[in-house]
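See structure below.
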Amino acid sequence: MHTADATVRPTAPLTFRAATEADVAALVGLIESAYRGDASRAGWTTEADILGGQRTDPEGVGAVVRDEGSRMTVVEQGGELIACCQLERRGDHAYFGMFAVRPELQGGGLGKVILAEAERFARTEWGVREMRMTVISAREELIAWYGRRGYARTGKMTPFPYGDERFGVPRRPGLEFEMLVKALG
């Protein structure tokens with residue numbers, strides 16, 4: 001468990017810990033609320049205009065929690081789940097995904113703190129020198145946010161898995177993922 005100071009909500013420090021099986025249902029709810037449906041519109045990370053359906057499910061989150069090469073991080077404040085992210089060790093780099101912050105807490109600097117902690121963990125605990133992620137290329141505002149945190153666009157694209165509703169139901173054609181990369185020093 002790691003604690004970081006943040007000015008997001010001065011009432012209590014943030015606590016970072018590895019998720020357990022007992023966290024899976026709450027994590028699925030958090031991830032869904034940050035990306036899909038009307039609740040997600042309270043924050044700026046919503047995908048509701050480009051994707052319907054689910055963002056993840058208990059099986060997907062549970063698989064990350066159980067995987068020896070992954071870490072699903074729970075972020076709590078005052079004992080309350082407020083954010084999460086996934087790290088997956090992939091040889092010389094780490095993959096960052098399933099990043100979610102409660103919609104009503106977005107835009108206050110919390111995401112920067114969580115991303116920095118994920119980078120610190122990957123660098124110091126796993127010894128990796130690069131973080132990678134994929135972002136839907138149509139999400140220009142989100143890509144710009146990551147760019148301000150040192151992530152570079154690679155131009156490497158992979159198609160969205162149309163027809164596989166485990167990843168959502170596209171509301172428009174031509175969706176694809178772009179890989180973003182950051183050297184961790």
Side-chain angles (χ1 to χ4, degrees), residues 1-6 8-9 11-37 39-40 42-47 51 53-91 93-106 108-128 130-136 142 145-146 149 151 161 164-168 177 180 182 184:
M1 186 172 351
H2 182 265
T3 301
D5 293 322
V8 180
R9 287 172 46 190
T11 56
L14 299 177
T15 302
F16 298 82
R17 65 173 175 82
T20 67
E21 289 282 343
D23 296 311
V24 170
L27 288 167
V28 170
L30 171 65
I31 294 165
E32 292 298 314
S33 75
Y35 290 96
R36 302 290 162 79
S40 70
W44 69 274
T45 62
T46 184
E47 295 173 343
L51 291 165
Q54 70 179 33
R55 175 69 154 71
T56 191
D57 55 33
E59 293 77 23
V61 174
V64 173
V65 168
R66 290 183 298 276
D67 186 342
E68 291 290 323
S70 291
R71 175 187 168 98
M72 180 60 115
T73 299
V74 169
V75 184
E76 295 173 317
Q77 191 168 48
E80 183 181 345
L81 173 65
I82 61 168
C84 67
C85 66
Q86 166 201 12
L87 287 172
E88 183 181 326
R89 190 175 191 172
R90 296 182 177 176
H93 70 277
Y95 178 82
F96 180 78
M98 287 196 203
F99 187 23
V101 174
R102 282 190 11 204
E104 68 274 16
L105 299 178
Q106 293 176 14
L110 184 57
K112 286 190 295 192
V113 174
I114 296 165
L115 182 59
E117 171 58 17
E119 292 168 355
R120 183 207 65 79
F121 181 91
R123 185 178 58 254
T124 62
E125 301 296 322
W126 289 347
V128 299
E130 186 176 83
M131 185 83 84
R132 296 180 187 175
M133 67 178 73
T134 55
V135 178
I136 296 174
L142 183 59
W145 186 87
Y146 283 117
R149 273 130 205 100
Y151 286 81
D164 188 343
E165 292 189 7
R166 291 177 304 154
F167 299 98
F177 295 102
L180 306 180
K182 179 180 180 178
L184 297 180

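Residues: numbered from 1 along the sequence shown. Being a predicted model, the structure only gives us computed values, none of them experimental.
To the nearest 0.5 Å, the span separating CE on Met133 from CZ on Phe177 amounts to 13.5 Å. Taking CD of Glu130 as the reference point, atom NZ of Lys182 lies at 11.5 Å (rounded to 0.5 Å). In this structure, the separation between CG on Leu27 and SG on Cys84 is 5.0 Å, given to the nearest 0.5 Å.
Considering only heavy atoms from C-beta on, Leu87 comes within 4.5 Å of Phe121 through its side chain. Leu14 places a side-chain heavy atom less than 4.5 Å from the side chain of Leu110. Residues Phe16 and Val74 fail the side-chain proximity criterion, which asks for heavy atoms closer than 4.5 Å. Under the 4.5 Å side-chain criterion, counting only non-hydrogen atoms from C-beta, Val135 is not in contact with Trp145. Glu119 places a side-chain heavy atom less than 4.5 Å from the side chain of Leu115. A heavy-atom distance below 4.5 Å is found between the side chains of Asp23 and Arg17.
The two residues Ala122 and Leu184 come nearest to each other via the heavy atoms CB-CD1, 4.1 Å. Minimum interatomic distance between Ser33 and Pro103 (heavy atoms only, all atoms of both residues): O-CG, 3.1 Å. Minimum heavy-atom separation, Val101 to Gln106: O-NE2, 2.8 Å. Across Ser70 and Glu88, no two heavy atoms sit closer than the pair OG-CG, 3.5 Å. Contact record, Cys85 with Ile114: SG-CG2, 4.1 Å, taken as the closest heavy-atom pair.
Remark: Tyr95 pairs with no residue by the ring pair (Phe, Tyr, Trp, His ring centres under 6.0 Å) rule, at least two apart or across chains. Applying the salt bridge (Lys or Arg N to Asp or Glu O under 4.0 Å) criterion to Arg89, with sequence neighbours excluded, gives no partner residue.
The main-chain N or O of Ala12 is found under 3.5 Å from a side-chain atom of Gln77 such that the two form a donor-acceptor pair. Checking side-chain atoms of Glu32 against main-chain N and O of Thr56 turns up a donor-acceptor pair under 3.5 Å. Side chain of Glu21 to backbone of Val65: no donor-acceptor contact under 3.5 angstrom is found.
By the 30° and 60° cut-offs, the orientation of the rings of Phe99 relative to Tyr146 is tilted.
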